[in-house]
Each structure stands twice: as C-alpha cells, then as structure tokens.
Amino acid sequence: QAQLVQSGGGLVQPGGSLRLSCAASGAALAYAVIGWFRQAPGKDREGLSCINSRDGNTLYADSVKVRFTISRDNAKNTGYLQMDSLKPEDTAVYYCAAKSGWGLSRQAVSYNYWGQGTRVTVSS
C-alpha cells in the first residue's frame, strides 16, 4: 500500500512560481509512475504531467508543457511539480498520484494512489 503526502501550494501572484511536492511511502513498486493532476471548480480533473521512475521519461499536457516541470528524487521517494509563469486559470486543487506499471498516462483512472490535494490560487 502506497501513501502520498503533498506539500506546497498556496496563493501566488500571476507570473509567479510554486513548487509542489509529493512524498511517497509504502510499497515502492506502487509508484513506478508519479502523475500530477488538477481540478478547478466545475471542471473535470485534468492530467498535467507524469514521470517514469526508471528512465525519467515524462509526459505533459499542452496547457502546461512550457511552464511546468515534473521531476522526482527516487532516493527520497518524492515527486515534484515546478510551476512557473502561473496564470489565474491555473487556480485549482492539485493532486499527485501514483501507479504501478511503467507506462506513462495522464488518465486519472490509470492511477491507484492519490495524495490529499493542495490548493493553488493565482491572483493579484
């Protein structure tokens, strides 16, 4: 059983940056891939990015490809999402998730474990 604990998030002005963290514990194979998602009020959960722990391959949604960077520290069992040039439309609750198996996916249904979520608000 894997557990994911998120940190980071908060209020930032447009154009600012934030870094989200996702610390994983439990069965290591359960999080071969870590993904990041967000859900804004009234909208579906959106898959933003994911990273494979074995080869470091990544996948990004077009909406964040240039501005967000996913990474992970396997020694610390922690994943990160660096968010730069934030826009008001990035305001949402952000979730990390983990899946077993090495395939990259931005589909929420592919993920077995979820963090508690953290709110990001981009506003002046």
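Keep in mind that the numbers below use all heavy atoms, side chains included, and drop hydrogens, waters and symmetry copies.
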**Residues forming a salt bridge (Lys or Arg N to Asp or Glu O under 4.0 Å) with R67, sequence neighbours excluded** = D90
**Item:** Rounded distance (nearest 0.5 Å) linking atom NZ of K65 with atom OG1 of T58
**Value:** 9.5 Å
**Request:** Work out which heavy atom in L20 is nearest to a heavy atom in G8; give both atom names and the distance.
**Result:** CD2-C, 3.8 Å
**Message:** Which heavy atom of S100 sits nearest to which heavy atom of N112, and what is that distance?
**Reply:** N-OD1, 3.5 Å
**Asked** Heavy atoms, side chains only, cut-off 4.5 Å: are V120 and L18 in contact?
**Response** yes
**Request:** Quick one: pull up NZ in K99 and CG in L104 and give me the separation to the nearest 0.5 Å.
**Result:** 7.5 Å
**Message:** Please verify the inter-ring angle class for Y111 with F37; under 30° counts as parallel, over 60° as perpendicular, anything in between as tilted.
**Reply:** perpendicular
**Message:** Under 4.5 Å between side-chain heavy atoms, counting indirect links through other Ile/Leu/Val/Met/Phe/Trp/Tyr residues: same cluster for W36 and Y80 or not?
**Reply:** no
**Fill in**
Taken to the nearest 0.5 Å, the spacing of C96 SG from I70 CD1 works out to 9.5 Å
**Message:** Other residues, nucleotides and ligands only: do more than 12 of their heavy atoms fall within 6.0 Å of CD on Q82?
**Reply:** yes
**Asked** Taking the side chain as C-beta and beyond, is there a heavy-atom pair between M83 and S17 under 4.5 Å?
**Response** no
**Request:** Taking all heavy atoms of V33 and all of C50, pick out the closest pair and write down the distance.
**Result:** CG1-CB, 3.9 Å
**Request:** Mind checking the CG-CD spacing from D44 to Q39? Nearest 0.5 Å is all I need.
**Result:** 7.0 Å
**Prompt:** If you round to the nearest 0.5 Å, how far is CG of L4 from CG of N77?
**Reply:** 10.5 Å
**Request:** Quick one: closest heavy-atom pair of A108 and W114, and the distance?
**Result:** O-CZ2, 3.6 Å
**Message:** Could you walk me through whether L48 and F68 satisfy the side-chain contact (heavy atoms from CB on, under 4.5 Å) test, starting with their C-alpha distance in whole Å, then the side-chain angles of each, then the deciding distance to 0.1 Å, before giving a yes or no?
**Reply:** CA-CA 9 Å; L48 302 176; F68 291 9; 4.3 Å; yes
**Item:** Nearest-0.5 Å distance that lies between atom CD in Q116 and atom CD in Q3
**Value:** 11.0 Å
**For the student: nearest non-hydrogen atoms of K76 and T78, plus distance** = O-OG1, 2.9 Å
**Message:** Is the positively charged end of R45 above the ring of Y95, judged by distance under 6.0 angstrom from the centroid and angle within 45° of the axis?
**Reply:** yes
**Item:** Heavy-atom pair with the smallest gap, counting every atom of L59 and R106
**Value:** CD2-CG, 3.9 Å
**Chi angles and distances behind the side-chain contact (heavy atoms from CB on, under 4.5 Å) call for S21, Q6** = CA-CA 6 Å; S21 299; Q6 295 180 228; over 6 Å; no
**Message:** Donor-acceptor check, side chain of N57 to backbone of N52, threshold 3.5 angstrom: yes or no?
**Reply:** no
**Prompt:** Testing L11, L86, T91 for side chain to side chain contact (heavy atoms under 4.5 Å, CB included) with S123, which one passes?
**Reply:** L11
**Request:** Let me see the working for S63 and E89 under side-chain hydrogen bond (donor to acceptor under 3.5 Å, both in side chains), right down to the final yes or no.
**Result:** CA-CA 10 Å; S63 58; E89 51 263 44; over 6 Å; no
**Request:** Using the side-chain contact (heavy atoms from CB on, under 4.5 Å) rule, take T69 and Y60 through it: C-alpha gap first, then chi angles, then the decisive distance, then the call.
**Result:** CA-CA 9 Å; T69 304; Y60 288 94; 3.9 Å; yes
**Prompt:** For D55, does the CG atom sit with more than 12 other heavy atoms under 6.0 Å from it, leaving out its own atoms?
**Reply:** yes
